[in-house]
Number of protein chains: 2
Amino acid sequence: MLGEKLKELRESKGLLQRQVAAELDVDTAYISKMENNDKPVSKSHLEALAKVYDLPESELMPYWLGEKVLHVLENNEHSIQALNLVLKNIRNVNE
Amino acid sequence: MLGEKLKELRESKGLLQRQVAAELDVDTAYISKMENNDKPVSKSHLEALAKVYDLPESELMPYWLGEKVLHVLENNEHSIQALNLVLKNIRNVNE
DNA sequence: CTATATTTGCCCTTTATAGGACAAGTCAAT
DNA sequence: ATTGACTTGTCCTATAAAGGGCAAATATAG
């Protein structure tokens, strides 16, 4: 979810992982893992990536959160029920 | 979300935290924290609780997962967008 | 007032996760 | 066959979270 988006963005800008890696000051394997959802993306890296791809962090945020949600669900068969409960719950809190 | 459910179940069975605590072999403060969503409920405790309250674990599971999801969202303003993305994503995976 | 039930805060230890490097592997294109 | 881009696996360290006890604080009922 987040990884796919990041890869898409990078390619749309014609950048290589190597270049992005340089910007974030990490090695390219690390970027690869982010794009393959093999490593979580930290908040500060998310900010940096938003800058590199020239968009507001808020545009990436839903993917970032979504990825974390997918991670806690880890293919559990009750995921959909759970998500619907959460949606209901959140709406209740926000009146 | 999960805590409320657990408290509800306990009260509906007329049990005291002390009694449930004894079943799970933990102290009552720990039960209190579970019911107030102050401590995560482990998988094995969830199973034990399902037994105590005499229902299938699958009935608790959505609340359990939901609680974990709420936790990762931590009131982020993009939560709803994120959840909708995840729902779409999951449905895609299941065809 | 005083028991009993529950909550809260603080503490501690163990386990897990994040964050990241590095080496070696795969895959195309040349 | 080399090179350049990416991926994958293993390893390490540091931080965070789980799991839980204990004591003190708050309700709440009688």
Side-chain angles (χ1 to χ4, degrees), chain A residues 1-53 57 60-61 63-76, chain B residues 1-53 57 60-61 63-76:
Chain A
M1 151 155 300
L2 177 59
E4 292 79 350
K5 185 72 177 184
L6 292 174
K7 179 160 208 164
E8 217 172 283
L9 283 166
R10 179 173 58 80
E11 289 175 344
S12 81
K13 297 270 178 188
L15 295 175
L16 298 176
Q17 289 186 348
R18 179 161 43 77
Q19 304 179 282
V20 176
E23 296 278 341
L24 306 212
D25 193 34
V26 296
D27 85 354
T28 89
Y30 201 57
I31 300 291
S32 169
K33 284 172 187 168
M34 291 181 182
E35 291 186 355
N36 288 285
N37 303 313
D38 282 340
K39 283 285 185 180
V41 174
S42 72
K43 185 79 186 341
S44 54
H45 281 156
L46 191 74
E47 288 166 24
L49 289 165
K51 252 172 207 143
V52 171
Y53 299 139
E57 202 191 333
L60 257 19
M61 193 60 67
Y63 296 92
W64 187 67
L65 287 176
E67 189 60 44
K68 299 210 281 182
V69 168
L70 274 179
H71 190 251
V72 323
L73 295 177
E74 48 188 47
N75 287 314
N76 185 296
Chain B
M1 150 155 290
L2 176 61
E4 293 77 351
K5 185 74 179 183
L6 291 175
K7 180 161 206 163
E8 218 171 284
L9 284 165
R10 180 173 55 80
E11 289 173 344
S12 81
K13 297 268 176 189
L15 296 174
L16 298 175
Q17 288 187 351
R18 179 160 43 76
Q19 304 179 281
V20 177
E23 296 277 343
L24 305 212
D25 192 35
V26 296
D27 86 354
T28 89
Y30 201 58
I31 300 292
S32 169
K33 284 170 190 171
M34 290 180 182
E35 292 186 354
N36 287 285
N37 304 312
D38 281 341
K39 284 284 183 182
V41 173
S42 71
K43 185 80 187 336
S44 57
H45 281 155
L46 191 74
E47 287 165 26
L49 288 165
K51 250 169 210 147
V52 171
Y53 299 139
E57 202 193 333
L60 258 18
M61 194 58 68
Y63 296 92
W64 187 67
L65 287 176
E67 189 60 44
K68 299 210 280 181
V69 168
L70 273 179
H71 190 253
V72 323
L73 295 177
E74 50 186 49
N75 287 312
N76 184 297

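Quick caveat, the model's predicted, so the values are computed rather than measured.
The CG-C1' distance, from A:L15 to D:dC6, rounds to 15 Å in whole Å. Rounded to whole angstrom, the span from the OH atom of B:Y30 across to the C1' atom of C:dA5 amounts to 20 Å. As rounded to whole Å, 15 Å separates atom C1' of C:dA18 from atom CG of A:L46. Separating the CD atom of A:E11 from the C1' atom of D:dA5 is a distance of 11 Å, rounded to the nearest angstrom. One atom, CG of B:N36, and another, P of C:dA5, lie 17 Å apart when rounded to the nearest Å. What separates CH2 of A:W64 from C1' of C:dA18 is a distance of 13 Å, to the nearest Å. As a whole-Å value, the separation of B:R18 CZ from D:dT28 P is 18 Å. Atom CD1 in B:I31 sits roughly 13 Å away from atom C1' in C:dA5 (whole-Å rounding).
Of the candidate nucleotides C:dT6, C:dG19, C:dT8, C:dT6 has the atom lying nearest to any side-chain atom of B:Q17. Here C:dG20 is the nucleotide among C:dG20, C:dG19, C:dT6 with the atom lying nearest to any side-chain atom of A:H45. With distances taken from any side-chain atom of B:S42 to the nucleotides D:dC22, D:dG19, D:dT8, the minimum falls on D:dG19. Of the candidates D:dT8, D:dG20, C:dG20, the closest approach to any side-chain atom of A:A29 belongs to D:dT8. Closest to the A:P40 side chain, of the nucleotides C:dC22, C:dG19, C:dT6, is C:dG19.
B:E35 approaches B:Q17 most closely through the heavy-atom pair OE1-NE2, 3.1 Å. Pairing each heavy atom of B:L46 with each of B:M61, the nearest pair is CD2-CE, 4.1 Å.
At distances below 3.5 Å, not a single donor-acceptor pair connects side-chain atoms of B:N36 with backbone N or O atoms of B:D38. Judged by distance alone, the side chain of B:E11 and the main-chain N or O of B:E8 form no donor-acceptor pair under 3.5 Å.
Using a 4.0 Å heavy-atom distance criterion, B:K43 is classed as making no nucleic acid contact. Contacts of B:T28 with the nucleic acid, taken as non-hydrogen atoms under 4.0 Å apart, include base atoms.
In the interface, the side chain of B:K33 is paired with the base of C:dG9 through a donor and an acceptor atom under 3.5 Å apart.
Comment: B:E47 does not engage B:K51 in a salt bridge, judged by the lack of any side-chain N to carboxylate O separation of less than 4.0 angstrom.
Mapping B:K39 and B:S32 onto DNA chain C by nearest heavy atom places B:S32 closer to the 5' end of the strand.
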